[in-house]
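Both ligands and their constituent atoms are indexed starting at 1 by order of listing.
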Amino acid sequence: MRSPVLLLCLWSAHCCFAAGGPAPLGPEGPPQDELHEPKDVQIAAKPPVRFNLRISEDPEHEGCYLPLGHNQPLEDCGFNMTAKTFFIIHGWAMTGILGEWLYKLVSALRTREREANIVVVDWLPLAHQLYADAVNNTKTVGHSIARMLDWLQEKDGFSLGNVHLIGYSLGAHVAGYAGNFVTGTVGRITAIAEGMKCEHQRAIYLFVDSLMNEDKASFAFQCTDSHRFKKGICLSCRKHRCNSIGYNAKKTRHKRNSKMYLKTRAGMPFRVYHYQMKIHFFSYKNTTEIEPNFYVTLYGTSADSQMLPLEVVEQIRLNATNTFLVYTEEDLGDLLQIRLTWKRVHQSWYTLWTNFRSYLSQSRKSEQEVNIRRIRVKSGETQRKFAFCAKDPENTSIAPGQELWFHKCLDSRRIQDGIRQTVLP
Ligand SMILES: *[C@@H]1O[C@H](CO)[C@@H](O)[C@H](O)[C@H]1NC(C)=O
Ligand SMILES: *[C@@H]1O[C@H](CO)[C@@H](O)[C@H](O)[C@H]1NC(C)=O
Ligand SMILES: *[C@@H]1O[C@H](CO)[C@@H](O)[C@H](O)[C@H]1NC(C)=O
Ligand SMILES: *[C@@H]1O[C@H](CO)[C@@H](O)[C@H](O)[C@H]1NC(C)=O
Ligand SMILES: *[C@@H]1O[C@H](CO)[C@@H](O)[C@H](O)[C@H]1NC(C)=O
């Protein structure tokens with residue numbers, strides 16, 4: 001059986017997260033002072049791949065180097081053979097130093113798994129190269145890790161099942177090679193890949209977040225593409241289509257190449273609450289196209305949301321049910337009512353032009369009006385579904401500049417289920 005690999009394809013509304021981030025922690029370069037290393041290692045040339053056991057909370061502490069075949073450092077540094085062992089594998093190192101994310105990850109891992117051995121795989125000499133060369137070196141580094149793991153497997157108590165390889169960007173390739181070359185099956189491999197350039201390092205911080213905020217686990221949902229996710233179509237958890245992300249992810253048999261999507265907050269904790277909104281737009285007037293400028297405000301038992309835009313991916317289809325994705329940063333509790341607002345599009349040249357054109361052609365611009373009787377809502381996080389009916393069933397029409405209120409009602413399609421539930425014990 002292959003080790004589960006979590007690949008996150010991430011995108012979100014908050015771009016440029018890493019820009020202007022906090023200052024790096026401590027010196028990031030490879031340690032200058034080699035005095036603490038065993039003598040035989042000091043004499044030998046510095047190997048291109050080094051295994052650095054982190055033994056202190058202090059990121060400036062250089063830790064213990066574990067040379068292959070030497071038992072003494074394992075003992076001296078308190079390597080716990082029966083505990084979990086993490087190998088953190090960095091990626092391409094354009095600057096030749098280890099990033100701040102690595103120390104954050106080590107610290108978060110230590111907080112979550114007190115007894116674990118945390119080994120940083122330092123392959124800077126092979127990673128601080130032209131990108132193509134660094135890629136070519138990943139196989140070599142994978143081999144080194146596999147040899148280290150095979151050696152550790154000779155020790156009493158050590159089990160490959162307790163090993164978790166965490167590879168970031170090119171480090172994910174390395175982890176993949178290591179997993180293939182090692183004798184046996186590694187317990188877990190996590191490949192942390194970046195989605196887009198503008199979300200630099202978000203994926204790694206999502207992983208750190210998942211270690212630190214176990215009680216605020218972020219959910220991701222399987223979807224064929226981001227387009228469909230943005231439309232709110234993919235909030236299903238059936239057949240393992242959703243999962244917590246990062247460290248809290250449950251082991252499932254993922255279809256190969258299944259992509260998981262989620263929205264995030266701009267900073268930690270990243271967790272948001274996803275909702276799918278299904279709205280049928282009835283159009284009785286001769287309206288063919290409407291300005292898609294709708295907002296919902298959600299009122300819950302714990303909190304109320306802000307005005308949340310109904311993001312329109314293509315265009316709103318009339319006389320049809322449209323699906324939207326909205327999300328809140330706060331847990332609103334159970335939803336009680338929804339306000340739907342249709343804002344006028346203000347002051348853009350485009351509007352002036354279309355208004356002018358409407359005026360000339362006497363088109364139905366002024367007749368923009370739709371009727372909305374109910375909004376069906378599904379929570380991604382709880383998977384519960386609710387229906388919200390227009391407060392005034394006699395007045396379900398809305399035009400730009402107006403709003404409509406909806407309160408929780410029994411969805412006629414669900415009444416049958418409700419009866420069955422009350423009959424059963
Ligand atoms: C080693 O790890 C095991 C398993 O996590 C734990 O039970 C044990 O107490 C640890 N030993 C030491 C000396 O920390
Ligand atoms: C890739 O690396 C190997 C050594 O691991 C080297 O022999 C080979 O020339 C490299 N190939 C390229 C295209 O750099
Ligand atoms: C929607 O349905 C109504 C009533 O059946 C009809 O008058 C109207 O033309 C339809 N609008 C569109 C855009 O299909
Ligand atoms: C509806 O609009 C279309 C296209 O602008 C127009 O041809 C048609 O006559 C209009 N129908 C009514 C009933 O106003
Ligand atoms: C229907 O609701 C809209 C928006 O709240 C309001 O402007 C309009 O006067 C109402 N019409 C009737 C007939 O109640």
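- Between the OG1 atom of Thr138 and the NE2 atom of His173 there is a distance of 6.5 Å, given to the nearest 0.5 Å.
- Shortest contact from atom 6 (C) of ligand 1 to any protein heavy atom: Glu115 OE1, 3.4 Å.
- The distance from atom CZ of Phe51 to atom SG of Cys64, rounded to the nearest 0.5 Å, is 14.5 Å.
- There is a protein heavy atom closer than 4.0 angstrom to atom 14 (O) of ligand 3.
- What sits closest to atom 2 (O) of ligand 1 on the protein, heavy atoms only, is Asn80 ND2, 2.3 Å.
- Considering only non-hydrogen protein atoms, atom 3 (C) of ligand 3 sits nearest to Ser283 O, 3.2 Å.
- Ionic pairing of Glu314 and Lys231 is present here: one or more N-O contacts between side-chain nitrogen and carboxylate oxygen are shorter than 4.0 angstrom.
- Geometrically, ligand 3 and Asn319 share a nitrogen or oxygen pair separated by less than 3.5 Å.
- Between Phe281 and Phe294, a ring centre-to-centre spacing shorter than 6.0 Å is recorded.
- Checked against the 6.0 Å centroid threshold, His280 and Phe282 count as a close aromatic pair.
- Protein heavy atoms come within 4.0 Å of atom 11 (N) of ligand 3.
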